[in-house]
Trainee: 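Before we start, here is the structure in question, set down as structure tokens.
Model, not experiment: these values are computed from the prediction. Sequence lines set the chain letters: A, B, ... in the order given, protein chains first and strands last, and positions in each chain run from 1.
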Amino acid sequence: GAVVSQHPSWVICKSGTSVKIECRSLDFQATTMFWYRQFPKQSLMLMATSNEGSKATYEQGVEKDKFLINHASLTLSTLTVTSAHPEDSSFYICSARDSSNNEQFFGPGTRLTVL
Amino acid sequence: GESVGLHLPTLSVQEGDNSIINCAYSNSASDYFIWYKQESGKGPQFIIDIRSNMDKRQGQRVTVLLNKTVKHLSLQIAATQPGDSAVYFCAENMGNFNKFYFGSGTKLNVKP
């Protein structure tokens, strides 16, 4: 089946620094990818829709200047958490929609810990 | 004391029994639904889907039932196995750019 990868799988950073997370579709093209955040023992919350070649669209309450999204190619979207704080510590998960058939596949997630 | 939202509802079943996991969705306009399984520290894994023009769909050992009248989904797992232990989420698609919104989740605990 289709594979979506995320890098890194986990990251620890100091408060105030920025962290970039990559989401790649390995064997299909994805004009649309989605970024989710999941706090412990909670559900996945959709943060934004990443569109190749255009600006991302953010869900209500998600700060676009804090969570920068770049979807520069058909197989790669990046999420940058800027000026990270401990409350940004979470599990960040991406999904990618296969442009050929609209099926959606999830990545394995990235665990971010901000000290 | 416990805080709201910090504990998932848990369903405990004996190995070999059938499991039923329920989900209430929010938008009557949603037309596509997916059940996902999430193991600890991993991303969601697709289990089964159903479109709003159906009320039942069967897979291998799993059945999804959709009741649009009361906006309710259920996932039935037959002959539950220890490997089924995970958190299960339903997700609804409101037909808007294929965005999925997830329900709150249920933790399934299978006792050997």
Side-chain angles (χ1 to χ4, degrees), chain A residues 1-7 9-10 21 23-25 30-52 54-62 71 90-113, chain B residues 1-11 21-27 30-52 59-60 73 75 85-109:
Chain A
V3 176
V4 175
S5 70
Q6 286 185 235
H7 178 81
S9 55
W10 60 270
I21 302 170
C23 177
R24 291 182 187 273
S25 57
T31 54
T32 305
M33 293 185 178
F34 303 91
W35 287 97
Y36 295 83
R37 180 169 51 182
Q38 186 179 30
F39 293 110
K41 297 185 179 181
Q42 294 191 28
S43 186
L44 283 76
M45 297 299 295
L46 180 63
M47 299 174 66
T49 303
S50 173
N51 304 296
E52 189 267 336
S54 65
K55 290 182 179 180
T57 53
Y58 291 79
E59 295 297 300
Q60 192 172 8
V62 178
H71 193 152
S90 189
F91 195 47
Y92 291 87
I93 303 171
C94 73
S95 69
R97 189 177 73 190
D98 189 329
S99 303
S100 67
N101 58 19
N102 283 331
E103 286 190 63
Q104 199 166 147
F105 303 94
F106 281 83
T110 296
R111 174 77 59 193
L112 170 63
T113 301
Chain B
E2 296 178 350
S3 300
V4 173
L6 290 184
H7 286 275
L8 292 166
T10 299
L11 173 66
I21 300 171
N22 297 303
C23 175
Y25 63 92
S26 60
N27 194 323
S30 294
D31 58 3
Y32 180 51
F33 306 87
I34 299 180
W35 277 101
Y36 287 97
K37 172 186 180 182
Q38 186 181 30
E39 297 174 334
S40 182
K42 297 183 179 179
Q45 176 188 356
F46 174 95
I47 300 174
I48 192 169
D49 60 354
I50 189 168
R51 296 203 175 273
S52 59
Q60 187 177 12
L73 274 168
L75 176 70
S85 294
V87 177
Y88 290 80
F89 295 99
C90 69
E92 61 183 303
N93 181 330
M94 300 181 189
N96 183 16
F97 306 109
N98 284 113
K99 291 196 287 188
F100 282 92
Y101 294 92
F102 281 71
S104 56
T106 297
K107 183 175 181 180
L108 177 63
N109 179 32

Trainee: Between A:Leu44 and chain B, with a heavy-atom cut-off of 4.5 Å, which part of the residue counts as in contact: side chain, backbone, both or neither?
Mentor: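 It is both, since atoms from each part get that close.
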Trainee: Heavy-atom distance under 4.5 Å to chain A: side chain of B:Phe89, backbone, both or neither?
Mentor: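 Contact with chain A involves the side chain of B:Phe89 alone.
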Trainee: For A:Phe39, check ring-ring contact (aromatic ring centres under 6.0 Å, His included) against everything at least two apart and list the hits.
Mentor: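 Testing A:Phe39 for ring-ring contact (aromatic ring centres under 6.0 Å, His included), a comparison that skips the adjacent residues, returns none.
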Trainee: Fit a plane to each ring of B:Tyr25 and B:Phe33, take the angle between them on a 0 to 90° scale, and name the class: parallel (under 30°), tilted (30 to 60°) or perpendicular (over 60°).
Mentor: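 Ring orientation of B:Tyr25 relative to B:Phe33: tilted.
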Trainee: Would you please go through residues 36-45 of chain B and name the residues with a non-hydrogen atom below 4.5 Å from one of chain A, in numerical order?
Mentor: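 Only B:Tyr36, B:Gln38, B:Gly41, B:Lys42, B:Gly43, B:Pro44 of residues 36-45 of chain B have a heavy atom under 4.5 Å from chain A.
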Trainee: So, taking the atom named CG in A:Asp98 and the one named OG1 in A:Thr32, what distance separates them when rounded to the nearest 0.5 Å?
Mentor: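 Output value for this atom pair is 11.0 Å.
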Trainee: A:Ser99 side chain to A:Thr31 main-chain N or O, any donor-acceptor pair under 3.5 Å?
Mentor: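 Present.
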Trainee: With a 3.5 Å distance limit and no angle check, can you tell me whether B:Thr106 reaches the backbone of B:Tyr88 through a side-chain donor-acceptor pair?
Mentor: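 Pair absent, no side-chain N/O of B:Thr106 close to backbone of B:Tyr88.
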Trainee: Taking the six-membered ring for Trp, are B:Phe102 and A:Phe106 closer than 6.0 Å centroid to centroid?
Mentor: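 Yes, the ring of B:Phe102 comes within the 6.0 Å limit of the ring of A:Phe106, centre to centre.
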Trainee: Under 3.5 Å, side chain of A:Ser50 to main-chain N/O of A:Phe34, donor-acceptor pair present?
Mentor: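 Checking the backbone N and O of A:Phe34 against the side chain of A:Ser50, no donor-acceptor pair under 3.5 Å is found.
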Trainee: Please flag which part of A:Gln6 lies under 4.5 Å from any non-hydrogen atom of chain B: side chain, backbone, both or neither.
Mentor: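 No part of it gets close to chain B.
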